[in-house]
Amino acid sequence: MPPSTSGLRRKAFDLRPLASGRHETRNTFRHTRRIRFRKGMTMTDQTTTAATAGEERDYDEYRVIQDLGGWVRSHHCNQLTAANLGQEVTLMGWVQFRRDHGGLIFIDLRDREGLTQTVFSPEGAPEAVQAHERAHSIRIEYVCALRGIVRARPEGMANPSMATGEIEVYVTEWKLLNTSDTPPFPIEDRVDAAEMLRLKYRYLDLRRPRLAKNLILRNKAAQSVRRYLDSLGFLEIETPVLTKSTPEGARDFLVPSRMSQGMFYALPQSPQIFKQLLMVAGLDRYFQIVKCFRDEDLRADRQPEFTQIDIEMSFPDEEQVMGMAEGLIRTVFAETIGAALPASFPRMTYKQAMDDYGVDKPDVRFELRLTDVKDIFAGGGFKVFANAPCLKAMRVPGGLELSRKEIDDYTEFVKIYGAQGLAWIKVKEDNEWQSPIVKFFSDDEKAKLAERLGMVPGDIVFFQAAPVDVTNASLGNLRLKLGERFGLIDEKAYAPLWVTDFPLLEYDPEDKRWVAKHHPFTSPQPGQMDTIASDPGGALARAYDLVLNGSEIGGGSIRIHTPAAQKSMFQALGIADDEAEEKFGFLIEALKFGAPPHGGIAFGLDRIIMILTGAKSIRDVIAFPKTQKATCLMTDAPNVVAKKQLRELGIALREKAQENNAEVKPEEKKNEA
RNA sequence: GGAGUGGUAGUUAAGCUGGUUAUAACGCCGGCCUGUCACGUCGGAGGCCGCGGGUUCAAGUCCCGUCCACUCCGCCA
């Protein structure tokens with residue numbers, strides 16, 4: 001290998017002892033490749049075929065990992081501008097791209113802040129020449145410390161798409177801090193690898209600027225929340241993670257107790273009761289940015305562990321909680337993305353939301369509405385409409401252009417929500433109605449329909465005749481689809497909306513009983529407690545949800561603060577006195593000792609960050625998220641545990657669970673007693 | 001629990017009504033290259049077509065099952 005006997009090579013090679021006596025770490029990918037060569041072809045085959053044009057080189061001799069050796073980073077990779085010209089700087093980061101011209105070598109160095117172009121030239125001082133020679137060995141994702149001079153790029157060579165595009169760092173000396181295997185997917189925003197891979201190598205996915213930016217913004221939002229609430233006298237107080245299972249609400253995650261065998265803690269679905277007890281304690285104003293756990297199935301915006309901004313205050317009415325909450329959201333949006341939300345958020349009752357939008361979290365960025373037309377067709381000749389428990393229509397301007405296939409697709413879409421089909425009328429340019437059903441309508445029905453909906457040429461009207469929940473769900477969700485289809489949604493708009501006057505209770509057909517819609521500590525509106533027994537579905541709660549762009553980002557209520565009212569509430573929910581005592585006795589007890597009127601709200605931080613970043617998935621705003629099956633592909637959690645651990649907890653697995661547990665890996669077996 | 005979409009080199013994808021040796025781009029390895037910026041150029045390596053059955057002379061392709069990821073319904077006070 002003649003080139004490596006040159007002085008330069010020898011010098012570079014001799015850097016080895018400088019690496020603090022540590023053994024060099026070779027690129028393991030290259031290592032595996034070698035082994036593979038041995039299996040298949042021989043190494044001599046490899047070298048003879050390739051070494052035709054020039055001398056083969058082994059760059060591994062340059063891939064000696066070095067210590068920082070006292071080097072200190074002077075700037076991050078998004079910092080240098082023309083203002084820094086001539087300065088000697090030290091950058092540290094990952095190799096994003098290399099452009100090796102044989103002569104000049106360009107390396108774009110990346111850290112979480114951005115990119116800086118660095119140049120290695122074979123000219124200049126001997127150190128710089130040597131730095132250039134060694135730089136041939138640099139590969140993508142290697143970790144380097146580069147020291148050099150900030151220079152203006154030559155005339156016409158600036159890159160306006162880079163923040164640091166005016167300058168480059170002319171490298172005089174560099175250290176290889178670590179090598180990297182070839183990453184399983186490119187660390188770049190513009191390439192979208194399979195989510196499975198991204199989750200397995202999450203730490204690489206997070207190197208991509210888009211995800212790193214999301215986490216940086218998430219931090220900004222969290223700090224903004226803390227500043228705002230602190231300025232209003234809210235105390236950040238931690239509450240237990242190992243707590244007590246409560247019967248209402250979502251499924252709990254359970255943690256077995258070793259000390260009390262057969263007993264379980266539950267992870268909190270929210271710190272609800274604790275924050276109320278902090279009010280009883282007289283701490284007056286509480287907040288916490290806190291993990292909550294619900295063992296339910298996942299969605300694009302739902303993870304089994306998620307983060308709430310949990311807030312509670314003493315002596316408020318709805319106006320004070322909502323005013324504080326509006327200020328919080330306005331502050332966060334202003335301080336993170338510079339968006340100005342309205343000075344006062346509009347409000348809508350739950351009933352109006354369901355009537356006009358079919359959902360309890362309307363996206364009010366666009367105008368389409370549902371209209372009740374049941375009365376028009378009641379007792380009429382078209383039996384499907386006449387006999388429907390609920391009949392609503394939605395007029396869509398411009399919908400005439402929808403193709404038959406699109407309408408068929410929408411028909412399939414609403415079937416998801418239990419609809420049998422989807423009726424429609426197109427209003428053609430000559431004002432004639434084109435529809436499979438209109439022949440069943442009387443002239444009077446047609447006239448009334450046209451008038452109520454304000455039908456004009458170019459429209460399509462969709463109908464849903466079904467039970468009220470099916471009608472609302474199918475048209476309400478179709479509305480969102482059509483909003484997208486017709487470009488009605490301003491993606492840059494932020495449309496907050498309070499939804500108020502929620503029902504206190506809702507009927508659970510499965511359990512055949514009334515359950516709290518919000519939670520069982522929510523106060524009914526004045527006078528409503530007395531009517532619960534006679535009309536459980538009619539009682540309204542002092543509850544409010546904050547909806548932003550059709551996403552529920554927060555919800556809260558004024559709480560019950562007297563023991564008598566809380567007992568009545570449990571009675572209404574069909575929770576027997578002894579059960580209430582067992583499950584919530586400590587709360588009722590606490591309310592006896594001068595609990596102040598109190599109320600609060602909790603925001604879904606993950607969902608807020610989704611909106612702030614435009615993320616389509618909650619996984620893109622969480623550092624280490626779970627899959628839809630609630631597993632972690634990186635750590636392989638959940639997993640089996642040693643039999644000893646189970647024994648200590650007094651736990652025996654049932655048959656089916658044992659089958660899963662049988663797949664214990666050898667090293668895990670070792671740990672067993 | 002249910003419905004749908006996807007799974008083919010390291011990655012992203014193509015592969016039609018089943019039919020030669022499974023294709024491309026990027027990446028990887030090596031040669032050349034002093035102004036690139038997703039550098040260029042020449043050469044090379046790289047495949048349990050998710051897994052298991054079945055149909056067939058023949059399966060990446062058809063059928064059944066199964067696993068994984070995603071979206072949705074149920075569920076999520």
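- With a 3.5 Å ceiling on both atom-pair distances, B:A38 lacks any Watson-Crick or G-U wobble partner.
- Going from atom CZ of A:Arg559 over to atom CD of A:Gln566 covers 11.0 Å, rounded to the nearest 0.5 Å.
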Exercise for review: Please test A:Arg479 against A:Asp363 for salt bridge (Lys or Arg N to Asp or Glu O under 4.0 Å), starting from the C-alpha separation and ending with a verdict.
Suggested key: CA-CA 9 Å; A:Arg479 175 181 176 273; A:Asp363 188 339; 5.9 Å; no

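- Side-chain N/O atoms of A:Thr631 include one lying less than 4.0 angstrom from OP1 or OP2 on B:A69.
- Nearest to the side chain of A:His101, among B:C33, B:C73, B:U71, sits B:C33.
- Rounded to the nearest 0.5 angstrom, A:Asp252 CG and A:Leu267 CG are separated by 8.0 Å.
- Atom CD in A:Glu123 sits about 11 Å away from atom P in B:G35, given to the nearest Å.
- Figure legend. B:C16 is base-paired to no nucleotide; pairs are counted as Watson-Crick or G-U wobble with both atom distances under 3.5 Å.
- Atom name C1', nucleotides B:C28 and B:C63: the rounded distance is 39 Å, in whole Å.
- Taking the six-membered ring for Trp and thresholds of 30 and 60 degrees, A:His561 and A:His598 have ring planes more than 60 degrees apart, a perpendicular arrangement.
- Taking atom CE of A:Met162 as the reference point, atom C1' of B:G35 lies 14 Å away to the nearest angstrom.
- For the pair A:Arg139 and B:C29, the criterion of a side-chain N or O lying under 4.0 Å from OP1 or OP2 is met.
- Counting only heavy atoms from C-beta on, A:Tyr59 has its side chain closest to B:G31 among B:C75, B:U36, B:G31.
- Among the atoms of the strands shown, only primed sugar atoms or phosphate atoms (P, OP1, OP2) are found under 4.0 Å from some heavy atom of A:Lys629.
- Within the 4.0 angstrom heavy-atom criterion, only backbone atoms of the sugar-phosphate kind lie near A:Glu195; the bases stay farther away.
- Base pairing of B:A69 is made with B:U5, judged by Watson-Crick or G-U wobble geometry with both donor-acceptor distances under 3.5 Å.
- When each of B:C28, B:G74, B:C70 is scored by its nearest atom to the side-chain atoms of A:Arg302, the top-ranked nucleotide is B:G74.
- Looking at heavy-atom distances under 4.0 Å, A:Phe106 makes contact with a base.
- The side chain of A:Gln117 sits closest to B:U36 out of B:C33, B:U36, B:C76.
- Backbone-only contact: A:Leu197 has heavy atoms under 4.0 Å from sugar-phosphate atoms and none from a base.
- Among the nucleotides B:C70, B:C37, B:U11, the one closest to the side chain of A:Pro186 is B:U11.
- B:G46 and B:A9 have their P atoms separated by 15 Å, given to the nearest Å.
- Spacing of P atoms, B:C68 relative to B:A22, comes out at 31 Å, to the nearest Å.
- A straight line from OH of A:Tyr201 to P of B:G27 spans 20 Å, rounded to a whole angstrom.
- Residue A:Arg153 places its side chain closer to B:G35 than to any other of B:U34, B:G35, B:C72.
- Nucleic acid contact for A:Pro154: base, since at least one base atom lies under 4.0 Å from a heavy atom of the residue.
- Distance from the side chain of A:Ala250 is smallest to B:C76 among B:U34, B:C76, B:G74.
- Here the closest heavy-atom approach between residue A:Thr116 and residue A:Thr164 is recorded as CA-OG1, 3.7 Å.
- Nucleotides B:U17 and B:A59, compared at atom C1', are 14 Å apart to the nearest Å.
- Positionally, the nearest nucleotide of RNA chain B for A:Gly102 lies more toward the 5' end than for the other of A:Asp301 and A:Gly102.
- Computed from coordinates, the A:Met196 CE to B:U12 C1' distance equals 14 Å when rounded to whole Å.
- For the pair A:Glu506 and A:Ala300, nearest-nucleotide mapping onto RNA chain B gives the more 5' position to A:Ala300.
- Side-chain N/O atoms of A:Asn159 and base N/O atoms of B:C37 include a donor-acceptor pair closer than 3.5 Å.
- Between the side chains of A:Arg542 and A:Gln528, not a single donor N or O lies within less than 3.5 Å of an accepting N or O.
- B:G7 sits 10 Å from B:C49 when the C1' atoms are compared, rounded to a whole Å.
- Atom P of B:A25 sits at a distance of 13 Å from the matching atom of B:G40, rounded to the whole Å.
- Applying the Watson-Crick and G-U wobble criteria (two distances, each under 3.5 Å), B:C48 pairs with nothing in any strand.
- Nucleotide B:C76 holds its C1' atom 13 Å from the CG atom of A:Asp252, rounded to whole Å.
- In this structure, A:Glu168 reaches the bases: a heavy-atom distance under 4.0 Å links it to at least one base atom across the strands shown.
- Distance from the side chain of A:Ile140 is smallest for B:G27 among the nucleotides B:C72, B:C70, B:G27.
- Rounded to whole Å, the distance from CZ on A:Arg198 to P on B:G6 is 20 Å.
- Using a 4.0 Å heavy-atom distance criterion, A:Arg251 is classed as making no nucleic acid contact.
- Between A:His136 and A:Phe120, a ring centre-to-centre spacing not shorter than 6.0 Å is recorded.
- A:Ser161 comes within 4.0 angstrom of nothing in the nucleic acid, heavy atoms only.
- Relative ring orientation between A:Tyr203 and A:Tyr201 is described as perpendicular, the plane-to-plane angle rising above 60° on a 0-90° scale split at 30° and 60°.
- Residue A:Phe521 is out of contact with every strand shown, counting any heavy-atom pair closer than 4.0 Å.
- Rounded to a whole Å, the CZ atom of A:Arg299 is 10 Å from the P atom of B:C75.
- The phosphate of B:G10 (OP1 or OP2) has no side-chain N or O of A:Thr182 nearer than 4.0 angstrom.
- Nucleotide B:G10 has B:C26 as its partner under the Watson-Crick or G-U criteria, with both atom distances under 3.5 Å.
- Separating the C1' atom of B:G18 from that of B:U56 is a span of 9 Å, rounded to the nearest Å.
- In this structure, of B:C75, B:A38, B:C37, it is B:A38 that holds the atom nearest to the side chain of A:Arg190.
- Across all strands, A:Asp295 comes closer than 4.0 Å to no nucleic acid atom at all (heavy-atom distances).
- Using a cutoff of 4.0 Å between basic side-chain nitrogens and carboxylate oxygens, A:Arg619 and A:Glu195 are scored as salt-bridged.
- Atoms CZ (A:Arg110) and P (B:A38) sit 15 Å apart, rounded to a whole Å.
- The side chain to side chain contact (heavy atoms under 4.5 Å, CB included) test with A:Phe274 is passed by exactly one of A:Asp310, A:Val290, A:Thr239: A:Thr239.
- Taking atom C1' on both nucleotides, B:A38 is separated from B:G27 by 12 Å, rounded to a whole Å.
- For A:Arg99, no side-chain nitrogen or oxygen approaches OP1 or OP2 of B:U36 to under 4.0 Å.
- Side-chain N/O atoms of A:Arg151 and base N/O atoms of B:G35 include a donor-acceptor pair closer than 3.5 Å.
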